Amino acid sequence: MENFTAFNPTVLHFGRNILAALGATLKEYGNRVLFIYGSGSIKTSGLYEQIMSNLSQAGLEVFEYEGIRPNPLIEDVDAAAEKGRACKVNVILAVGGGSVLDSAKVIAATIPVHHSGWDFLDGKAKPESAVPVVAVPTLAATGSEMNPFAVITNTATRQKWAFGSPLTFPKHSFLDPSLTLSVPANYTAYGIADLIAHCFEAWFGIGDASLPDRFVVSIVKEAMDIGPELLANLHDYELREKIMFSATMALNGMTMYGRAGGDWGVHSIGHCLSFLYGIPHGASLTIVYPAWLRYFKARIPGRISQLGSSLFNAELTADESILKIEQFFNTIQCPVSLSQFGVTGDQRKTIYDNMVISKVSGGNMKLKESDFYPLIDLFL
Ligand code: NZQ
Ligand code: ZN
């Protein structure tokens, strides 16, 4: 194993009716709350009303920032930070999917400073303090509720980049699986794909870690068992509960212990596709993963066949493993090529150029610019 530090300060509250304690928890940090959310799903579901009444009963003063988009933009982060600064907020409440939670983390680090939040994403600045964040995820996918990471898009620089600091873990996260009952089938599937991809990024990361390898296999098996059942029964609380728990465990540090880092090459390519074509995050990963595995199968056949054999309980070659993984993505109706999103071969250069300016590589399986075209051809 590689040396590692285990650090995860997020307090996780999981289950039915846990939101009852939300107001009192926020109050521990002060009376002035910046409440951020997306484009309307929390209003349609009735969650907005429930939260506003909870906060008002707790005597909190609430300032709102509405309209965080999927693949969230730095403009929203900076505008929300400005509002938070002007309103002298003590705490941020983020309610929504990973896009809202990620935005909250960068807003939290940007409120105390006088520059754009993008300076954190591109490494020009490191946060020295951050406003506390309390998260209420409404979609099971990213694990943002129990990790420090945030992924933000900058349309000016044409980059969708990730960042994380020990200061940007949510202080508390309230996970009520019933809040995910309204997630439509496509985003439910993309969330399942995303959590599986997080496990794969760990599996193909740096260093041998046999126990975390077993965590990976267990989490992916759970998702592969439960996923199709959930897609056939979107209103089943117990199935939602299992997927929500799996998503949190897939990216809260546990699968990375004993490794010097994950790979994240597939994620960085996926971010290019989301930036260029607005492809939802999980779908971008099911498009790229089979191609990435095929591209590297000659170099790491043993590692790919070990993964496939463990997941599908059979002695599988690397090729058979890749096929099984691809079939699973098909089963949950996720795309496995860009053409399924209507993107065709004339986009090769656009994708290549974006991979260059996004500095796509991989922590373990390094990609050079000369790898880009042959890899793109495998997922087009
Ligand atoms: O904006 P609203 O109206 O809320 O609608 C959202 C959005 O349209 C909707 N939604 C959310 N909860 C719902 C719901 N619809 C009905 N019922 C509900 N309960 O779902 C749509 C997608 O939301 P989004 O937040 O974008 O999805 P997700 O949670 O998959 O987050 C994706 C973002 O997280 C980043 C991705 O790159 C992407 O930008 N990631 C963050 C990571 C992290 N923080 O660790 C790691 C991941 O690898 C990922 O990169
Ligand atoms: Zn992801």
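Source: prediction; values computed, not measured. No hydrogens, no waters, no symmetry mates; every other heavy atom, side chains included, goes into these values. Just so you know, ligand 1 is whichever comes first in the structure, and atom 1 is the first atom listed for that ligand.
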### Message
For the 3.5 Å polar cut-off, considering only N or O atoms, please tell me whether Trp264 and ligand 1 meet it.
### Response
no

### Message
Applying a heavy-atom cut-off of 4.0 Å, say which part of Arg69 lies close to ligand 1: side chain, backbone, both or neither.
### Response
neither

### Task
Report the part of Val183 in contact with ligand 1, treating N, CA, C, O as backbone and CB onward as side chain, heavy atoms under 4.0 Å; options are side chain, backbone, both, neither.
both

### Query
Is it true that the NZ or CZ of Arg16 lies under 6.0 Å from the centre of Tyr237's six-membered ring and within 45 degrees of the ring axis?
yes

### Query
Going by the atom numbers of ligand 1, which of them fall below 4.0 Å from some non-hydrogen atom of Asp194?
47 (C), 48 (O)

### Query
Parallel, tilted or perpendicular: which fits the ring planes of Phe200 and Tyr289, with parallel below 30° and perpendicular above 60°?
perpendicular

### Message
Can you tell me which N/O/S atom of Asp194 has the shortest distance to the Zn ion (ligand 2)?
### Response
OD1

### Query
How close does the nearest protein non-hydrogen atom get to atom 24 (P) of ligand 1, and which residue and atom is it?
Ser99 OG, 3.4 Å

### Task
Could you walk me through whether Asp102 and Ser144 pass the side chain to side chain donor-acceptor pair (under 3.5 Å) test, one step at a time?
CA-CA 7 Å; Asp102 287 9; Ser144 188; 2.7 Å; yes

### Task
Any atoms of ligand 1 less than 4.0 Å from a non-hydrogen atom of Leu251? List them with their elements.
45 (O), 46 (C)

### Task
Would you mind running through ligand 1 and noting each atom that sits below 4.0 Å from a heavy atom of Gly97?
25 (O), 29 (O)

## Note on the structure
If you compare Thr188, Thr153, Leu139 by their heavy atoms, the one closest to atom 9 (C) of ligand 1 turns out to be Leu139

### Query
Which residue supplies the protein heavy atom nearest to atom 39 (O) of ligand 1, what is that atom called, and how far is it?
Lys160 NZ, 3.2 Å

### Task
Could you check which N/O/S atom of His267 is closest to the Zn ion (ligand 2)?
NE2

### Message
Starting from atom 49 (C) of ligand 1, what is the nearest protein heavy atom, named by residue and atom, and what distance separates them?
### Response
His281 NE2, 3.2 Å

### Query
Think Lys324 forms a cation-pi with Phe312, using NZ or CZ under 6.0 Å from the six-ring centre and within 45 degrees of its axis?
yes

### Message
As a check for students: among Gly96, Gly143, Gly191, Ser41, identify the option with a heavy atom nearest to atom 10 (N) of ligand 1.
### Response
Ser41

### Task
Output the list of atoms in ligand 1 that are nearer than 4.0 Å to some heavy atom of Val151, sorted by atom number.
37 (O), 40 (N), 41 (C), 50 (O)

### Task
Cation-pi check, Lys83 to Tyr65: give yes when NZ or CZ is under 6.0 Å from the six-membered ring centre and within 45° of the ring axis, no otherwise.
no

### Summary
Counting from 1 in the order shown, the ligand 1 atoms closer than 4.0 Å to a non-hydrogen atom of Ala141 are 30 (O)

### Task
List every atom of ligand 1 that sits less than 4.0 Å from any heavy atom of Pro72, numbering the atoms from 1 in the order shown and giving each element.
39 (O)

## Note on the structure
the Zn ion (ligand 2) -> His198, closest N, O or S atom is NE2

### Task
Between Gly40, Gly38, Ser182, flag the one that comes closest to atom 18 (C) of ligand 1 by a heavy atom.
Ser182

### Task
Give the numbers and elements of all ligand 1 atoms closer than 4.0 Å to a heavy atom of Thr138.
11 (C), 12 (N), 13 (C), 18 (C), 19 (N)

### Message
Would you call the rings of Tyr29 and His172 parallel, tilted or perpendicular, taking 30° and 60° as the class edges?
### Response
perpendicular

### Task
Below 4.0 angstrom from a heavy atom of Tyr187, which ligand 1 atoms are there? Numbered from 1 as shown, please.
21 (C), 22 (C)

### Message
Strictly inside 4.0 angstrom of atom 22 (C) of ligand 1, do you find any protein heavy atom?
### Response
yes

### Query
Counting heavy atoms only, which part of Asp102 comes closer than 4.0 Å to ligand 1: side chain, backbone, both or neither?
side chain

### Task
Check whether any side-chain heavy atom of Pro290 lies under 4.5 Å from a side-chain heavy atom of Leu293, and answer yes or no.
no

